[in-house]
**Student:** 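Would you mind keeping the following structure in view while I ask a few things?
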Amino acid sequence: MLPVQPDRFLADLHALRGFGAAGTGKGVVRPAYSDADIAARKWLAGRMQEAGLEPRFDAAGNLFGLAEGRSLLIGSHSDSQPEGGWLDGALGVVAGLELARAAREAGAQPVSVVSFQDEEGRWGVTTGSAIWRGTLPLDEADRLTDDAGMTLAEARAAMADLAGDRVDPARFSGFVEMHIEQGPWLDQAGEAAGVVTGIVGIRDMRITLTGQQNHAGTTPMHLRRDAFQGLAAFNALLAERFAGVVSETTVWTIGHVALSPGASSIVPGRAVFSMQWRDGSLARLDEMERIVRDTAAEVAEARGLGLEFGPMLGLDPVQMDAGMQAALAAAAEEVCPGRWRHMPSGALHDASNVSHLMPVAMLFAPSIGGISHDFAEDTAEDDLATGLRVLANAVPRMMAQDGAA
């Protein structure tokens, strides 16, 4: 086991929480490319350098702490949701930093660290790791806009002086991401760790319905081309159409709606909304896309509305590397015997993108009450330290597998 120091690890986690602290519990407000996010990345770069790593930003804002020679890459992301928790992403980055320090202090095979940019999707889906993977060209990503209309290119300008070349994935033997579960299962069972078997796929798009803006007091109901009523009809129909297709683990969400002009006395002439769905089956994701498009077209035609689909964003389901899973499972059984499980991830992670570049594995720590993407997100510090020790036990096993290969 690598000689990690849980107190040092927890101190860094709390220090990182200070960047964008919400003033409500342990919550943080650190969206990608915000002032707080950039300050946090600069602080992390300094901590990486102190640990004997070479900090390097790429053009997308991904921050790597590079060890010399071939190394195992450990990390996650340090940006947050608009109202986020202190552990989502940050846990994996700081765990990677502590493992890198411990490996260097022990004279073991080296560990590198990464904090990917915009995992939370201010400009899409796992934006930074998608750019690093190569499936999202930077010039294409630069044209993406956030909900306020800012392009990624405009946001990236704030870090232009730090941007460097792409880090070659070939220098890494594999990627490990430690993360809070963001669900209730480990917490409800009183278990300390989850060895992830696979990550669901996701599809995400914006849909626009365009009707006729008009006076809310004088326009008869039967003559209205109300964009919001189109959205309401679409939402109701979608649940019916999905009923024979989805499984009990399939989820879908309309999470952002913008009505124009947004006044109480005006019939909405335009509705722009997000449509996202997740499932572990690629075939089911594709069938759901067909239903989404067909249902929106049917509603638009019936109500005399214009219809526009934005770009389709997303990732396919991926499986974790079997050998790395086995290393985590053996380590979990040694560190917390009988208090861990194999489990899938219903949330999306950067490991989905990185899996196309190298073998990947994930380890979950429990989330109190299953709460995440909220200021109330939290995990007992004993459980955080247990997860760190599982990683410290598993990493030498993974390195040995790479050497055997």
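What you see is a predicted model; the values in this text were computed from it and never measured.
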**Student:** Does the side chain of V28 reach to within under 4.5 Å of the side chain of R17, using non-hydrogen atoms?
**Tutor:** yes
**Student:** Could you tell me whether the side chain of H356 reaches within less than 4.5 Å of the side chain of V318, counting heavy atoms only?
**Tutor:** yes
**Student:** With a 4.0 Å cut-off, would you call R206 and D147 a salt bridge?
**Tutor:** yes
**Student:** Side chains of V360 and D321: closer than 4.5 Å at any heavy-atom pair?
**Tutor:** no
**Student:** Is it the case that atom CZ in R104 sees more than 12 heavy atoms from other parts of the structure closer than 6.0 Å?
**Tutor:** no
**Student:** E177 side chain to A351 main-chain N or O, any donor-acceptor pair under 3.5 Å?
**Tutor:** yes
**Student:** Could you tell me whether a side-chain N or O of D187 sits under 3.5 Å from a main-chain N or O of G369, the two making a donor and an acceptor?
**Tutor:** yes
**Student:** Can you classify the ring geometry of F19 versus W43 as parallel (below 30°), tilted (30 to 60°) or perpendicular (above 60°)?
**Tutor:** tilted
**Student:** So which atom in G96 and which in V111 form the shortest heavy-atom distance, rounded to 0.1 Å?
**Tutor:** O-CG1, 4.2 Å
**Student:** For E289, which residues count as a side-chain hydrogen bond (donor to acceptor under 3.5 Å, both in side chains) partner, sequence neighbours excluded?
**Tutor:** R293
**Student:** Report the residues that fulfil side-chain contact (heavy atoms from CB on, under 4.5 Å) with L10, sequence neighbours left out, ordered by chain and then residue number.
**Tutor:** L13, E381, L384
**Student:** For residues I74 and V113, determine if any side-chain heavy atom of one lies less than 4.5 Å from a side-chain heavy atom of the other.
**Tutor:** no
**Student:** Looking at G128 and F116, what are the two nearest heavy atoms and their distance?
**Tutor:** C-CD2, 4.5 Å
**Student:** Side chains of M159 and Y33: closer than 4.5 Å at any heavy-atom pair?
**Tutor:** yes
**Student:** Has W123 got a side-chain atom pairing as donor or acceptor with A155's backbone, closer than 3.5 angstrom?
**Tutor:** no
**Student:** Tell me the side chain to side chain donor-acceptor pair (under 3.5 Å) pairs involving residues 296-318, sequence neighbours left out?
**Tutor:** R203-D316, R241-E298
**Student:** Dump the intermediate steps for side-chain contact (heavy atoms from CB on, under 4.5 Å) on F228 and L209, then the final yes or no.
**Tutor:** CA-CA 8 Å; F228 174 75; L209 293 171; over 6 Å; no
**Student:** Kindly state each residue pair satisfying side chain to side chain donor-acceptor pair (under 3.5 Å) with at least one member in residues 259-275, sequence neighbours excluded.
**Tutor:** none
**Student:** Please find the pair of heavy atoms, one from A59 and one from A163, that lie closest to each other, and give the distance.
**Tutor:** CA-CB, 3.9 Å
**Student:** Would you find a donor on one side and an acceptor on the other, under 3.5 Å apart, between the side chain of W277 and the backbone of L285?
**Tutor:** yes
**Student:** Looking only at non-hydrogen atoms, find the nearest pair between G124 and L313 and report the distance.
**Tutor:** CA-CD1, 3.5 Å
**Student:** Counting only N and O atoms by type, is there a donor-acceptor contact under 3.5 Å from the side chain of R225 to the main-chain atoms of G304?
**Tutor:** yes
**Student:** Less than 4.5 Å apart, side chain to side chain, heavy atoms only: is that true for D79 and R41?
**Tutor:** yes
**Student:** Could you go through the side-chain contact (heavy atoms from CB on, under 4.5 Å) check for L138 and I131 one step at a time?
**Tutor:** CA-CA 6 Å; L138 187 60; I131 293 170; 3.9 Å; yes
**Student:** If the condition is side-chain contact (heavy atoms from CB on, under 4.5 Å), which residues does D374 pass it with, not counting sequence neighbours?
**Tutor:** I371, A376
**Student:** Decide, yes or no, whether a salt bridge links D294 with R290 under the criterion of side-chain N to carboxylate O below 4.0 Å.
**Tutor:** yes
**Student:** Keeping the roles fixed (side chain from E98, backbone from Q5), state whether a donor-acceptor pair exists under 3.5 Å.
**Tutor:** yes
**Student:** Answer yes or no: are there more than 12 heavy-atom neighbours, outside W185 itself, under 6.0 Å from its atom CH2?
**Tutor:** no
**Student:** Applying side-chain contact (heavy atoms from CB on, under 4.5 Å) to T126 and L348, what does each step give before you reach the verdict?
**Tutor:** CA-CA 8 Å; T126 59; L348 197 64; 4.0 Å; yes
**Student:** Is the closest side-chain heavy-atom distance between V125 and T127 below 4.5 Å?
**Tutor:** no
**Student:** Are E377 and K26 within salt-bridge range, i.e. N to O under 4.0 Å?
**Tutor:** no
**Student:** Without swapping roles, check the side chain of R30 against the backbone of S80 for a donor-acceptor pair under 3.5 Å.
**Tutor:** no
**Student:** Going by distance alone, is a donor N or O of one side chain under 3.5 Å from an acceptor N or O of the other, for N393 and R389?
**Tutor:** no
**Student:** Under the criterion salt bridge (Lys or Arg N to Asp or Glu O under 4.0 Å), I'd like the reasoning laid out for D58 against R166: C-alpha separation, chi angles, the key distance, then a yes or no.
**Tutor:** CA-CA 5 Å; D58 67 11; R166 180 176 185 258; over 6 Å; no
**Student:** Aromatic rings W132 and F64: how do their planes relate, parallel, tilted or perpendicular, breaks at 30° and 60°?
**Tutor:** tilted
**Student:** Can you see which heavy atom on A380 is nearest to which on I368, and at what distance?
**Tutor:** N-CD1, 3.8 Å
**Student:** In terms of side-chain geometry, is the basic nitrogen of E287 or R284 positioned less than 4.0 Å from the acidic oxygen of its partner?
**Tutor:** no
**Student:** Enumerate the side chain to side chain donor-acceptor pair (under 3.5 Å) contacts for residues 47-56, please, sequence neighbours excluded, ordered by first and then second residue.
**Tutor:** D12-R47, R47-E50, E54-R56
**Student:** Could you list the donor-acceptor pairs under 3.5 angstrom formed between side-chain atoms of residues 210-217 and any protein atom two or more places apart in sequence or on another chain?
**Tutor:**
from : atom 1 : to   : atom 2 : distance (Å)
N214 : OD1    : T219 : OG1    : 3.4
H215 : ND1    : G217 : N      : 2.8
H215 : ND1    : T218 : N      : 3.4

**Student:** A153: which residues meet the side-chain contact (heavy atoms from CB on, under 4.5 Å) condition with it, sequence neighbours left out?
**Tutor:** D142, T151
**Student:** Is the side chain of T295 donor-acceptor paired with the backbone N or O of V292 at a distance under 3.5 Å, no angle test?
**Tutor:** no
**Student:** Side chain of N62, backbone of V114: donor and acceptor closer than 3.5 Å?
**Tutor:** no
**Student:** Is the shortest side-chain heavy-atom distance between D279 and V246 below 4.5 Å?
**Tutor:** no
**Student:** Using the test ring pair (Phe, Tyr, Trp, His ring centres under 6.0 Å), find all partners of W340 that sit at least two apart in sequence or belong to another chain.
**Tutor:** H342
**Student:** Just to verify, what does A189 make a side-chain contact (heavy atoms from CB on, under 4.5 Å) with, not counting sequence neighbours?
**Tutor:** E191, R341
**Student:** Indicate the atoms forming the closest heavy-atom contact of A32 with Q117, along with that distance.
**Tutor:** CB-OE1, 3.3 Å
**Student:** Applying side-chain contact (heavy atoms from CB on, under 4.5 Å), run through D402 and L72 and close with a yes or a no.
**Tutor:** CA-CA 9 Å; D402 181 54; L72 184 67; over 6 Å; no
**Student:** Only pairs at least two apart or in different chains count here, so list each side chain to side chain donor-acceptor pair (under 3.5 Å) that has a residue in residues 86-95.
**Tutor:** H77-D88, W86-D378, D88-H179, D88-Q182, D88-H373
**Student:** Count the heavy atoms of every other residue, nucleotide or ligand shown that sit under 6.0 Å from CD of E68, and state whether that count exceeds 12.
**Tutor:** no
**Student:** Looking at residues at least two apart in the chain, or sitting in another chain, which of them share a side-chain hydrogen bond (donor to acceptor under 3.5 Å, both in side chains) with S71?
**Tutor:** S112
**Student:** Look at the side chain of T253 and the backbone N and O of G255, then say whether any donor-acceptor pair between them is shorter than 3.5 Å.
**Tutor:** no
**Student:** Counting neighbours of CG on D165 that are heavy atoms of other residues, nucleotides or ligands and sit closer than 6.0 Å, is the number greater than 12?
**Tutor:** no
